[in-house]
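Written out below as structure tokens is the structure these notes cover.
Naming convention: chains lettered A, B, ... in sequence-line order (proteins, then strands); numbering from 1 in each chain. No hydrogens, no waters, no symmetry mates; every other heavy atom, side chains included, goes into these values. In this text, all values refer to a predicted model and were calculated from it rather than measured experimentally.
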There are 2 protein chains.
Amino acid sequence: MRQEKIVDLANSENCPVRNVLDRFGDKWSTLILLVLGRKEPLRFGAIHRSIGTISQKMLTVSLKKLEADGLVDRTVFAEVPPRVEYCLTERGKSLLPVLQQLVDWANEHMEDIRASRAASGVD
Amino acid sequence: MRQEKIVDLANSENCPVRNVLDRFGDKWSTLILLVLGRKEPLRFGAIHRSIGTISQKMLTVSLKKLEADGLVDRTVFAEVPPRVEYCLTERGKSLLPVLQQLVDWANEHMEDIRASRAASGVD
DNA sequence: CAGCATCCTAATGGATACTG
DNA sequence: CAGTATCCATTAGGATGCTG
């Protein structure tokens, strides 16, 4: 495997990390991907209920971003009342293992982090 | 069969993912960890130059958060002019492989994502 | 049901000036 | 050098009301 530059940090345009973080660093995108990774397809309302605290607006804009990035597929059924289903694309699925690693790490270290934070008096 | 909860998404207090994302979902923390992962220890100014576009203020507050979370160690040397060195803690190092996976994924998929985004007319 | 449009507030983060 | 302190612009995101 080749060891080239990990990131070109000085140039945000060409830095994949910056670019990707700018997308998934928001409050909801990662969560939506994880929800869909757990069970799909899901309807708009089902995702909404799964996350619970997300506002309708943010769910809408987040899903649109994910769709624009080719991570989520949106299917509209010509029914009344309307039904819209969301599922992961192959690209979206390929991100899941990485996110799962993050989840695992979070589960493993959250308590310690919480303790450190409390001890430092920062929050 | 009952569905196993990966994350308790409805409860942000008890959800490690939410909790961790709230910390690293910011614009700079992940970048700082990656910089230190590449080479440490680093002085304040060195990190500043490595990232380039970060403001002094944001570097300061981000480092303080990472320190409070026990991911980064801060060492002050009693010299004139002052020297402060930062390095990763064991906990911080344990996050690196996960972040590296994210970097790898980003490198691999960024061009496609960029293309999808452009095609969708969103940005 | 699945949204869009609008308004509004809170948080993020950049610029600048100053200090031990 | 390694920060603080302050001010200000931008953005994220919530609340509410309306529509096909």
Query raised in the report: Looking only at side-chain N and O atoms, does A:Y86 come under 4.0 Å of OP1 or OP2 in C:dG3?
Result: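 Answer yes for this pair, as a side-chain N or O of A:Y86 is under 4.0 Å from OP1 or OP2.
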Query - Any A:R49 side-chain N or O less than 4.0 Å from OP1/OP2 of C:dA2 - result: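 Answer is no, no contact under 4.0 Å.
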Query raised in the report: Pick the nucleotide of DNA chain D nearest each of B:K57 and B:R43; which residue has the one closer to the 5' end?
Result: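 With B:K57 and B:R43 compared, the 5'-side residue is B:R43.
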Query raised in the report: When the nearest nucleotide of DNA chain D is assigned to A:Q56 and to A:W28 on a heavy-atom basis, which residue is associated with the more 5' position?
Result: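 Its nearest nucleotide being more 5', the pick is A:W28.
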Query - Over all atoms of both residues, closest heavy-atom pair of B:E40 and B:L88 - result: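 Answer, listing the atom of B:E40 first, then B:L88: OE1-N, 2.5 Å.
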Report task. Please name the pair of heavy atoms, one in B:A68 and one in A:S120, separated by the smallest distance, quoted to 0.1 Å. Result ->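 For B:A68 and A:S120, the tightest heavy-atom pair comes out as CB-OG, 3.3 Å.
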Query raised in the report: For the side chain of B:S55, counting heavy atoms from C-beta on, which of D:dA2, C:dG14, D:dG14 is nearest?
Result: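 Closest of the options to the side chain of B:S55: C:dG14.
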Query - Out of C:dG14, D:dA2, D:dG13, whichever nucleotide has its closest atom nearest the side chain of B:K27 - result: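 Of the candidates, C:dG14 comes closest.
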Tell me the interatomic distance from [X], atom [atom1], to [N], atom [atom2], rounded to whole angstroms.
{"X": "A:I51", "N": "D:dG14", "atom1": "CD1", "atom2": "P", "result": "11 Å"}
{"X": "A:D26", "N": "C:dA10", "atom1": "CG", "atom2": "C1'", "result": "17 Å"}
{"X": "B:D22", "N": "C:dT12", "atom1": "CG", "atom2": "P", "result": "9 Å"}

Query raised in the report: Pick from A:T75, A:L66, A:L36: which one makes a side chain to side chain contact (heavy atoms under 4.5 Å, CB included) with A:Y86?
Result: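 It is A:L36; the other options fail the test.
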Query raised in the report: Have A:R18 and B:T53 got a donor and an acceptor in their side chains that come within less than 3.5 Å?
Result: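 Yes, side-chain donor-acceptor contact under 3.5 Å.
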Query raised in the report: If you measure only the distance, is there a donor-acceptor pair under 3.5 Å linking the side chains of B:S116 and A:R91?
Result: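 Per modelled atom types, B:S116 and A:R91 side chains form a pair under 3.5 Å.
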Query raised in the report: What are the residues of residues 76-85 of chain A, sorted by number, that bring a heavy atom to within less than 4.0 Å of DNA chain C?
Result: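 Under 4.0 Å from DNA chain C: A:P81, A:P82, A:V84.
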Query - Residues touching DNA chain C, which here means a heavy atom under 4.0 Å, drawn from residues 59-71 of chain A - result: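 Under 4.0 Å from DNA chain C: A:T60, A:K64.
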Report task. Classify the angle between the aromatic ring planes of B:F24 and A:W105 as parallel (below 30°), tilted (30 to 60°) or perpendicular (above 60°). Result ->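 The rings of B:F24 and A:W105 stand perpendicular, inter-plane angle above 60°.
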Report task. Could you tell me whether a side-chain N or O of B:T89 sits under 3.5 Å from a main-chain N or O of B:D73, the two making a donor and an acceptor? Result ->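 No, because the side chain of B:T89 does not come within donor-acceptor range (under 3.5 Å) of the backbone of B:D73.
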